[in-house]
Visitor: 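Once you've had a glance at the structure underneath, I'll fire off some questions.
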Amino acid sequence: MSEFIPSFDELKIEKKWQDRWYNNKYFVANDYSEKEKYYSLVEFPYPSGSGMHIGHIRAYLSLDVLSRKRRMEGKNVLFPIGFDAFGLPTENYAIKNQIHPRIVTDNNIKVFKEQLKAAGLSFDFSRVIDTTDPEYYRWTQWIFLKMYEHGLVYKDIAYVNFCPDCKVVLSNEESQGGKCDRCDSDVIQLERDVWFLKITEYAEKLLEGLDELESNSRIRAEQEKWIGKSSGAYINFKISGSEKLLKVFTTRPDTIYGATFMVIAPEHPYLDMFKDQIQNFNEIQDYQQKALLKSEFERIELAKDKTGVEIKGLKAINPLTNEEIPIFISDYVMITYGTGAIMAVPAHDTRDYEFAKKYNLKIIEVIKGGDITKEAFTDTETGLLVNSPLIDGLTVEAAKQKIIEFLEKNQLGELAEQYRMKDWAFNRQRYWGEPIPIIYCDKCGVVPVPYEDLPVTLPMVEKFIPTDTGESPLANIEEFVNCTCPKCGGKAKRETDTMPQWAGSSWYFLRYIDPLNHEKIASKEKLAYWGQVDWYNGGMEHVTRHLIYSRFWNHFLYDIGEVLYKEPYKKRTAQGIILGSDNEKMSKSKGNVVNPMEIIDEFGADTLRTYVLFMSDYEMSTPWSDLGLKGARRFLDKIWRLFPNVKEAETYTPDLERIIHETIKGVGEDIENMKYNTAIAKLMTLLNEYNKKDAITKADYEVLLTLLNPIAPHVTEELWEMLGHETLLVYETYPEYDEAKLVKDEVEIVLSVNGKVRDKIIVENNFDQEKLKSLALESEKVQNHLEGKKVIKIIVVPNKLVNIVAK
RNA sequence: GCCGGUGUGGUGAAAUUGGUAGACACGAUGGACUCAAAAUCCAUUGCCCUUAAAAGCGUGUCGGUUCGAGUCCGACCACCGGUACCA
């Protein structure tokens with residue numbers, strides 16, 4: 001980076017104002033203030049050892065600017081911060097370096113707090129929470145027990161995603177694509193004892209609640225997809241020579257006349273149930289074995305090549321055609337979705353089509369419109385039903401309804417809904433997490449820890465190394481494991497698994513409202529005062545996991561009367577990623593990582609803030625540029641150097657006044673719409689206007705400083721003081737614009753011929769339209785382009801343009 | 001495959017309801033200041049032709065609607081993100 005001569009001493013200035021803000025608690029929110037409340041929330045960081053990342057800066061800046069603007073607008077702003085400090089990296093670091101995770105975490109939090117302050121972020125540091133603090137996780141455990149009490153927690157033996165490297169059970173969301181979220185190794189399926197939270201019970205509420213959450217289409221679409229609702233029907237197929245019914249779920253009951261075979265998942269219980277009837281049971285078992293060995297990843301990778309085995313000796317009966325049809329097992333049907341069995345309609349489903357082609361099965365067209373000799377016809381909009389006596393000639397939509405009616409009347413099936421979302425696997429075999437507050441007693445069985453015994457604290461011990469058995473390290477700690485049963489007083493053992501990382505972050509936004517409460521999550525009075533989070537900003541990567549989990553917990557707490565709103569957040573936004581200057585994602589291995597603290601040391605926090613906000617649209621990903629950063633500094637330098645030009649002399653001009661009011665309006669609107677880049681551009685334009693003059697008034701300069709203050713708070717505060725103010729800019733009144741001052745006396749009118757600009761003229765505002773037409777025709781440049789042509793019509797857009805249509 | 005987004009100068013990017021494409025910034029070039037450099041200030045800067053003026057061409061591609069399209073419609077291409085035998 002090339003050297004430059006600073007026009008102001010950023011380190012001195014920034015330190016001075018940070019000390020003043022934080023020591024005098026300028027950003028502390030007041031409970032029950034007379035002022036109107038505003039709650040802005042950013043996702044709290046995981047305090048990693050490497051400190052703050054440039055991404056944190058971008059994520060927090062948006063609502064820092066907004067919160068600072070809100071304070072100037074007279075709002076009582078709650079803009080809190082905390083630390084989501086449980087998690088594997090800390091545990092791994094602690095194991096590697098033989099330091100207790102408590103010490104590691106405390107150190108990291110200390111560093112983070114200093115860095116957040118060095119960036120001038122206006123957080124309320126009096127409400128800092130730490131998810132690893134027993135006073136915090138007591139309530140995480142409390143919510144877990146409440147869920148247990150309300151039947152939303154259950155233990156089951158289940159196939160779970162297991163990471164063999166981390167030795168940890170993962171949720172579906174943590175193992176997307178068959179890879180471990182953390183270490184990227186292939187996830188395998190293991191049978192394990194698992195604690196589940198019944199999030200599926202809230203599927204519909206979480207889906208409906210999306211209507212109340214203001215967000216962009218992407219944020220909404222990802223949540224909808226993740227919940228994954230689909231409507232259709234359960235249909236019961238008879239099994240030949242048996243009383244048993246084979247139940248399937250389908251979204252296309254209209255295609256039932258085309259169901260020419262059935263497919264069940266390799267794990268389907270009927271295989272065992274009917275093993276005496278199945279003639280090729282050995283072959284089936286072989287297939288089951290192979291399917292089990294395949295990782296989820298392989299199952300997807302090999303998706304193109306469908307495999308399966310016909311179950312000989314077992315036939316199903318199509319309830320509408322009464323024909324006997326074969327049953328196959330295949331791993332393209334999942335035991336975890338629907339009923340683990342499908343009716344296959346090869347003519348109208350691509351997967352069934354592939355399977356039918358491979359095994360030479362009957363394909364019956366029941367919807368006209370495609371060419372089923374070539375491919376499955378899956379369109380539901382255009383085709384009409386054929387070969388389906390009951391519903392011939394109907395549209396797909398009408399046929400669905402009629403078939404479901406028929407099925408229900410004849411007790412062959414029913415309307416049904418399915419969700420892709422599964423219950424939340426909630427235990428991890430780790431030390432550094434919230435202990436699950438459950439006790440196992442030989443006499444009484446599973447006993448929840450009584451509420452008054454919370455928190456169940458993590459023992460401070462030397463050894464916190466994973467066991468070879470894949471059990472939690474807590475299992476080795478006898479003084480933790482052994483306890484007395486709260487029911488019978490006999491000997492008992494504690495659950496040694498801990499909660500997943502997502503637990504603590506599922507309700508933290510509530511704790512900020514009342515962080516020191518010993519009786520409750522938060523008092524009703526304070527919850528009532530602060531209400532919902534008005535604006536929540538965070539990473540796109542948390543839109544499917546954290547956002548849904550936290551909405552789920554909040555819905556639950558609402559249902560049991562602990563909180564006052566169903567939906568925790570009114571509005572959710574997400575920032576774009578800052579890429580390395582090579583346009584690649586920042587990573588240590590690529591050597592393109594930008595360290596925000598180095599930037600602050602060299603250029604100052606104001607420069608970093610201004611650049612990060614100016615670099616591009618806030619929601620887009622953008623490459624970092626050192627040169628762009630210098631440009632931001634140059635802008636602040638120019639503002640600093642403008643100071644000597646501030647004179648008491650009158651320099652008022654109506655034109656400048658209009659530009660000032662335009663800027664006030666534009667900057668304000670831009671900030672509300674997260675268009676920080678154009679807000680700063682408008683401030684630059686205003687600065688350039690000021691620079692054209694030999695002198696500017698104090699009042700005009702103050703407008704610029706006030707508008708810029710939320711973005712570059714330190715240097716503007718310093719200049720404000722230099723102007724002779726004794727109070728801080730932080731709580732100065734935000735400027736307002738005067739609508740009347742926006743009106744121009746004169747406007748530029750574009751004259752075009754056939755849509756092409758040929759000339760420009762200046763006329764007074766609201767100039768007569770007819771006169772404008774004749775003025776346009778008089779223009780020499782316009783006439784040049786009208787030569788040999790006939791004017792057909794003239795279009796006038798008031799105060800904007802005249803377009804002459806000529807042939 | 002499906003869902004969402006993006007595609008505009010040398011670069012990052014702007015552009016209300018369709019109404020002057022390229023605001024603002026970076027870089028570059030020329031000049032001023034300086035012994036010189038940095039910093040600063042001034043000027044130019046979409047492409048093409050040109051001494052200049054004036055034309056012409058320009059928002060991923062092809063078509064359409066319109067007096068007028070970066071913006072609306074249709075078909076496609078490329079890239080990014082998400083998701084994936086979900087029946």
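Each chain gets a letter, A, B and so on, in the order its sequence line appears, and its residues count up from 1.
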Visitor: Can you say whether a donor on the side chain of A/K682 sits under 3.5 Å from an acceptor on the base of B/C24, or the other way round?
Guide: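 It does not, because no donor-acceptor pair links the side chain of A/K682 to the base of B/C24 below 3.5 Å.
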
Visitor: Could you tell me whether the side chains of A/E43 and A/H542 share a donor-acceptor contact shorter than 3.5 Å?
Guide: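 A donor-acceptor contact under 3.5 Å links the two side chains.
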
Visitor: To the closest 0.5 Å, what do you measure between NZ (A/K675) and CG (A/N677)?
Guide: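 Rounded to the nearest 0.5 Å, the NZ-CG separation comes out at 7.0 Å.
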
Visitor: Within 45° of the six-membered ring axis of A/F603 and under 6.0 Å from that ring's centre, is NZ or CZ of A/R609 located there?
Guide: no

Visitor: Please work out if A/V750 contacts a base, only the sugar-phosphate, or nothing of the nucleic acid, heavy-atom cut-off 4.0 Å.
Guide: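 Contact class for A/V750: base.
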
Visitor: If I pick the C1' atom on B/G9 and the same atom on B/G58, what distance separates them, to the nearest angstrom?
Guide: 10 Å

Visitor: Mind checking A/N784 for me? I need base, sugar-phosphate or nothing, with any heavy atom below 4.0 Å counting as a touch.
Guide: nothing

Visitor: So, is B/G22 syn or anti if syn means the angle is within 90° of 0?
Guide: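 Anti, angle beyond 90° from zero.
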
Visitor: Whether A/K247 engages the ring of A/Y234 as a cation-pi pair (distance to the six-membered ring centre under 6.0 angstrom, angle to the ring normal within 45°) should be assessed.
Guide: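 Relative to the ring axis of A/Y234, which defines the angle, A/K247 lies inside both limits.
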
Visitor: With A/R420 as the cation and A/Y337 as the aromatic partner, state whether NZ or CZ is under 6.0 Å from the six-membered ring centre and within 45° of the axis.
Guide: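 No, a cation-pi geometry is absent between A/R420 and A/Y337.
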
Visitor: Starting from the C-alpha separation in whole Å, work towards a yes-or-no answer on ring pair (Phe, Tyr, Trp, His ring centres under 6.0 Å) for A/F614 and A/F635.
Guide: CA-CA 11 Å; A/F614 182 62; A/F635 166 60; 8.0 Å; no

Visitor: Could you spell out the base pairing of RNA chain B in dot-bracket, with Watson-Crick or G-U pairs whose two distances are under 3.5 Å, [ ] crossing and | to another strand?
Guide: (((((((..(((......[....)))((((((.......))))))((........))..(((((..]....))))))))))))....

Visitor: Could you work out which one of B/G12, B/U17, B/C3 sits closest to the side chain of A/K800?
Guide: B/U17

